[in-house]
Amino acid sequence: MKQTLIALLGEAAITAVSDLGDRHPHLRGYLPEAALIVTPPTPEQGAAVVACAHREGWRMLALGTGTKLNWLGGHPKVDLFLRTTAWQQVIDHAAADMTVTTQVGIRFQHLQHQLARAGQWIAADPLYQDTATLGGCLATQANGTLRHRYGSWRDQCLGVQFIRSDGQLVKAGGRVVKNVAGYDLMKLLVGSYGSLGILTEVTLRVYPLPDAVQRWQLHGDPAALATGLDTLLASSLTPVRFDLVLERSGQLLLDLEFHTLREVIASGTLGDRLADIATASQLSLHLQEPAGILLNPTPEQVILKVGLCPRDALKGLIYLHQEASRLHCECRATVAIAQGIGYAYLHGDAAALEQLIRSLRQWVQRGYVTLLAAPLSLKQQLDPWDYRGNALELMRTLKQQLDATGVFGAGAFVDGL
């Protein structure tokens with residue numbers, strides 16, 4: 001295999017997993033020692049590698065910077081990792097049309113800096129913003145809580161180019177906001193963990209940078225927070241981020257961020273309205289610095305993605321804190337109120353963490369608790385995906401249609417897809 005790849009790409013583009021050493025300790029066990037990592041300089045050369053894998057029966061998986069490789073369902077059974085980090089070209093920033101077309105190997109934060117020069121940004125806040133590639137964010141559907149206002153990656157994606165399992169480069173969608181061209185393959189590829197194809201290029205909608213940003217927090221006991229939450233939901237206030245937060249201390253709070261005009265901030269009306277709600281709900285109101293870039297989780301953390309019925313979010317975080325305290329685990333969590341979707345970050349003994357996750361899954365009857373980042377040993381004890389839907393047969397059919405020979409994914413996605 002190595003000699004074939006050298007003939008395609010040259011020796012400099014090929015690295016053995018065994019040569020990585022201890023540079024990525026959180027990936028220990030996720031990278032098969034015998035596998036190779038190739039970094040094609042162009043998408044066309046990447047397509048040639050996939051075509052070769054299709055002919056030779058190799059199994060492969062796309063890889064960016066590797067920040068979320070330990071989000072896979074288990075030990076990937078792969079011969080080859082195709083790294084996309086050489087594909088960093090911004091192909092077209094149509095500022096007047098509010099779109100950007102770029103290759104997916106660019107780091108998310110680097111792309112944000114380029115867009116900011118034109119007063120624009122991608123309205124998303126995924127984890128690992130300073131290190132993750134755009135392709136990795138899309139492949140894992142890694143959304144933050146800005147989805148409350150701007151939607152998820154699937155909502156912001158207008159068009160894609162990807163490598164099919166037979167090595168063909170294929171396009172879906174387009175480069176304009178009002179686009180209905182072709183099948184909506186974009187929504188299938190986003191969040192598929194590379195199991196259906198390898199993204200090479202994407203067109204996203206962009207937004208003007210906000211004129212002013214203001215962030216507030218409401219603190220109080222659970223009963224007061226529930227009252228304040230109901231009042232805020234019934235009000236005409238439109239926060240772009242509206243989160244229920246469980247802090248490490250066990251304190252619960254509401255975190256609201258507003259993107260508005262400087263004149264609105266200067267008038268003080270926003271703060272006055274929030275103060276009235278806080279007083280009526282017996283909550284304390286605090287002005288905060290804007291959230292900015294989310295802190296990167298540390299490698300030793302266990303990260304859960306949780307989906308709750310929105311009206312159960314407060315009870316769910318209370319239950320999480322109680323169980324974590326009982327099992328002597330440390331936890332913090334953030335849930336977007338409108339969707340009931342968020343992340344929990346856990347520290348603790350492996351056996352206690354396993355018990356905590358099982359207990360939380362049992363409590364969450366309407367929703368899911370997905371085990372994202374975790375040591376491989378923990379994922380071998382639990383089903384990482386906690387999939388409770390009814391679409392498995394449809395997913396298998398799609399996999400058969402788009403990757404009949406099983407070139408992609410290596411059995412590390414939902415139900416081994």
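Position 1 is the first residue of the sequence; numbering continues from there.
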ring-ring contact (aromatic ring centres under 6.0 Å, His included), that's the test. Do F413 and W385 meet it? Break it down for me.
CA-CA 8 Å; F413 192 44; W385 300 105; 5.3 Å; yes
Any salt bridge linking D125 with R241? Criterion: basic side-chain nitrogen under 4.0 Å from a carboxylate oxygen.
yes
Point-to-point distance, once rounded to the nearest 0.5 Å, from CZ of R358 to CD of Q381:
7.0 Å
D79 side chain to R59 main-chain N or O, any donor-acceptor pair under 3.5 Å?
yes
Is any side-chain heavy atom of L346 closer than 4.5 Å to one of L304?
yes
Looking at every non-hydrogen atom in both residues, tell me the closest pair between N143 and Y343 and how far apart they are.
O-OH, 2.9 Å
Using a strict cut-off of less than 4.0 Å between a Lys/Arg side-chain nitrogen and an Asp/Glu carboxylate oxygen, indicate whether R248 and E330 qualify as a salt bridge.
yes
Is D155 reaching over with its side chain to a backbone N or O of S152, donor-acceptor style, under 3.5 angstrom?
yes
Minimum-distance pair of heavy atoms, taken over all atoms of D403 and S195:
OD2-O, 3.9 Å
Whether over 12 other heavy atoms sit under 6.0 Å from R326 CZ:
yes
Looking only at non-hydrogen atoms, find the nearest pair between V213 and H259 and report the distance.
CG2-CD2, 3.8 Å
Nearest heavy-atom pair of V240 and H148: which atoms, and what distance?
O-CB, 3.6 Å
Could you tell me whether a side-chain N or O of S165 sits under 3.5 Å from a main-chain N or O of L402, the two making a donor and an acceptor?
yes
Can you measure from CD (Q301) to CD1 (I303) and round to the nearest 0.5 angstrom?
6.0 Å
R107/D130 ion pair, N-O < 4.0 Å:
no
Hey, what do you get for CD (Q156) to CZ (R205), rounding to the nearest 0.5 Å?
7.5 Å
Per the side chain to side chain contact (heavy atoms under 4.5 Å, CB included) rule, which among D92, I91, T99, V160 passes with T203?
T99
Go through the structure and list residues passing salt bridge (charged side-chain N to carboxylate O under 4.0 Å, His left out) with E247, not counting sequence neighbours.
none
List in chain and number order the residues that pass side-chain contact (heavy atoms from CB on, under 4.5 Å) with T39, two or more places apart in sequence or in another chain; answer none if no residue qualifies.
R83, T85, A86
Can you check side-chain hydrogen bond (donor to acceptor under 3.5 Å, both in side chains) on Y319 and S359, steps first, answer last?
CA-CA 10 Å; Y319 181 82; S359 178; 2.6 Å; yes
How many angstroms lie between atom NZ of K305 and atom CD of Q141, to the nearest 0.5 angstrom?
5.5 Å
Note: L314 and A226 closest approach over all heavy atoms is CD2-CB, 3.8 Å
Which atom names give the shortest non-hydrogen contact between T65 and A132, and what distance separates them?
OG1-CA, 3.8 Å
Quick one: does any side-chain atom of K68 pair with a main-chain N or O of A142 as donor and acceptor, under 3.5 Å?
no
Hey, what's the ring geometry for H219 with H286, parallel, tilted or perpendicular (30° and 60° as the breaks)?
perpendicular
Between Y368 and Y387, is the ring-ring contact (aromatic ring centres under 6.0 Å, His included) condition met? List the steps.
CA-CA 7 Å; Y368 58 84; Y387 182 73; 9.1 Å; no
I'd like to know if the side chain of W58 and the backbone of V407 have a donor-acceptor N/O pair within less than 3.5 Å.
no
side-chain contact (heavy atoms from CB on, under 4.5 Å) partners of A278, counting only residues at least two apart:
L218, L283, L285
Rounded to the nearest 0.5 Å, what separation is found between the CG atom of L392 and the CG atom of D415?
5.0 Å
